[in-house]
Structure formats: structure tokens, C-alpha cells
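Before any comments, here is the structure.
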Amino acid sequence: MLQGLQDARKELPSKYFYDDEGSQLFEQICELDEYYLTRTELAIMQTQKQEMSALLGPQCLLIEYGSGSSTKVCTLLDALQEPVGYVPIDIAKEQLLRSVAALARAYPELEVLPVCADYTSDFELPVPKQPVLRRVAYFPGSTIGNFDREPARRFLRQIARACAGGGLLIGVDLKKDFNILHRAYNDSQGVTAQFNKHLLVRINQELDANFQLNQFGHYAFYNPGQSRVEMHLVSLKNQTVRIGEVEIAFKLGDSIWTESSYKYTLEEFAHLAATAGFTVERVWTDSRQLFSVQYLRVT
Ligand code: AVI
């Protein structure tokens, strides 16, 4: 965190949004009218789950990277043919434990094998009791968009290795009218702004800092040259912030870059997938082509 704030271009890794409170704020974002992503993806899952289930086949081990509240996966679990297990991976422990308990009630037959980890790190995949025919990763929500290009490729390669002989069901947000993107990341209720500032709240609480939340503004815009929505926190005045023993000076207008959310065309994503060891087998989209769910097979 300190390193990121001391660089000439101040930047904080977006993965730190997701402690328990941050994860709850994100769940609130997913309910917003302006945030079309979740709603659109869920509708695609609902209408296409039978075909998805046929592609994934019987006795698969479903591994979800960044499972959150594990709500999206239920649509899939309802349709899958005799899944041998479900591995939810998430860094937010409380939420992970809550969702495991809920899943155990809803799917008493299903073996649930939770992993509390940063899913981009090296961790051991648990082995279910029943034999596995195919390992399939599930990475919904277009979280792949929060990775820069090279880290995205590395992460997809990591999944391809973990699921050799299997595949990946992934949600990918698509390029579209900038105004739709602008509204999605600048909602009228200010939930996204609160989510963005949550990083500062965490630094204050966990690293003994004194950021004044009302002295930083939420700023999100689409950068067409880079095909991404950028989220920043912009200093509203000249100020000095203390983090532990370290003082960091901000000038009026200085920004902390907190997140990128890349948007793809289907061709661009197929190219990225191919360079990471996957072949796109099937793409489902909504009628407005806002969002896609894709099944990639490990090549
Ligand atoms: C988790 N991720 C896909 C979200 C996104 O749209 O990039 C995070 C988010 N940031 C602001 N609103 C939602």
C-alpha cells in the first residue's frame, strides 16, 4: 500500500476492496439499476443453463475463483448433472463461511470444499471424495476485466493448468456505448463512490492512517484508448496524509488509481484466451450484446 502511494503515479491494488465490508458494498453495487453487468449475466445464465450443463458434462468438479456470496453459482449448480464437488475460493473468510453454510443447507448432497485464499496465489486444490471426470473453473462477473492484460493472461494460464482436460466458464463484459459504462460506474446513489473510498477506510483502520474521506472524490471514466473504465480517488485540496510514521503529500487534483475494468470485443477476448491456452467453444450474450458468458476449453 505504502509503495503504491509513494510512487509518482499513485496506485492501489483493487483486490484490497474485498474485505467483508467491501464485499458487502460490492453486493450492493450488483443490485443497482445502473450496474447492468450482474443482472445481464444472471439472465444469460438462467436462459442458457441447460446448454451450459450439457457442455460441462456429468461428474465435474466446479471451482469458483472469487466466489463471494456464491449466489450466481446456484443457477449452474441447479442445472449440472451430478457434480462431484464445488470448490469456492475467496479471500473474505466470514463471507466464505456464511455461503458454505447456506450451500450445505440448499445442496445437502453436494460436497463443498472451500478454500480461503487469494485466488491469484499458489494454493492446493482440494480433492473430492468421488472421482472427477472434468475440472471446470467458474469465473463470473467479468472480474477478468479487473486484470491488466499480462496479469490476465498469466491468471488464465494458471486456470488452464489447474483445469487441464477441462474448461472455464467465464463472464466477460463487452465494449459498448460509453454512456452506459459511465452510468454503471457513477451510480446516482453513490454506492460505487463509497466502495471506492472503502480502500481509504481500510487503510485508516488497518494501517493507522488519517485519510479524511470527504477530502477525496470518486472519479470514474471510460478510457477508450485503453479499453477500460478507470476508477480513481482524487484529492480535493493540497493535503498531507499520515500512514503510520510516513507522511504523503497530495496536491489538489492528484489521483490514486484504484481500479481498471477492461471491456472486450468477442474477438479481442478470443485472442487473449488463445494466448493463455484456451479455445472459445461457445459464447452466449444478451440481445443488446452488453455482456457475454463464454465456455473456453483447455487446448
Ligand atoms: C468485480 N468487478 C468486475 C467490478 C467491475 O465492474 O469492474 C468491480 C466494480 N468496480 C466498480 N463497480 C464495480
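FYI, the numbering just counts along the sequence from 1. Atoms within each ligand, like the ligands themselves, are counted from 1 in listed order. Quick caveat: nothing in here was measured; it's all calculated off a predicted structure.
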Output block, N or O contacts of ligand 1, threshold 3.5 Å exclusive:
| from | atom 1 | to | atom 2 | distance (Å) |
| --- | --- | --- | --- | --- |
| ligand 1 | 2 (N) | N146 | OD1 | 2.8 |
| ligand 1 | 6 (O) | Y35 | OH | 2.5 |
| ligand 1 | 6 (O) | Y185 | OH | 2.5 |
| ligand 1 | 7 (O) | N146 | ND2 | 2.9 |
| ligand 1 | 7 (O) | S261 | OG | 2.7 |
| ligand 1 | 10 (N) | E259 | OE1 | 2.7 |
| ligand 1 | 10 (N) | E259 | OE2 | 3.3 |

Mind telling me whether Y65 and Y119 have parallel, tilted or perpendicular rings, with 30° and 60° as the class edges?
perpendicular
Are side-chain heavy atoms of Y16 and M1 found at a separation under 4.5 Å?
yes
Any chance the side chains of E64 and Y86 put a donor and an acceptor closer than 3.5 Å?
yes
Expected output: side-chain R297 to main-chain F278 donor-acceptor under 3.5 Å:
no
Counting distance only, does the side-chain N/O of W257 pair as donor-acceptor with the main-chain N or O of E259 below 3.5 Å?
yes
Is the backbone N or O of C116 less than 3.5 Å from a side-chain atom of D90, with the two atoms forming a donor-acceptor pair by type?
no
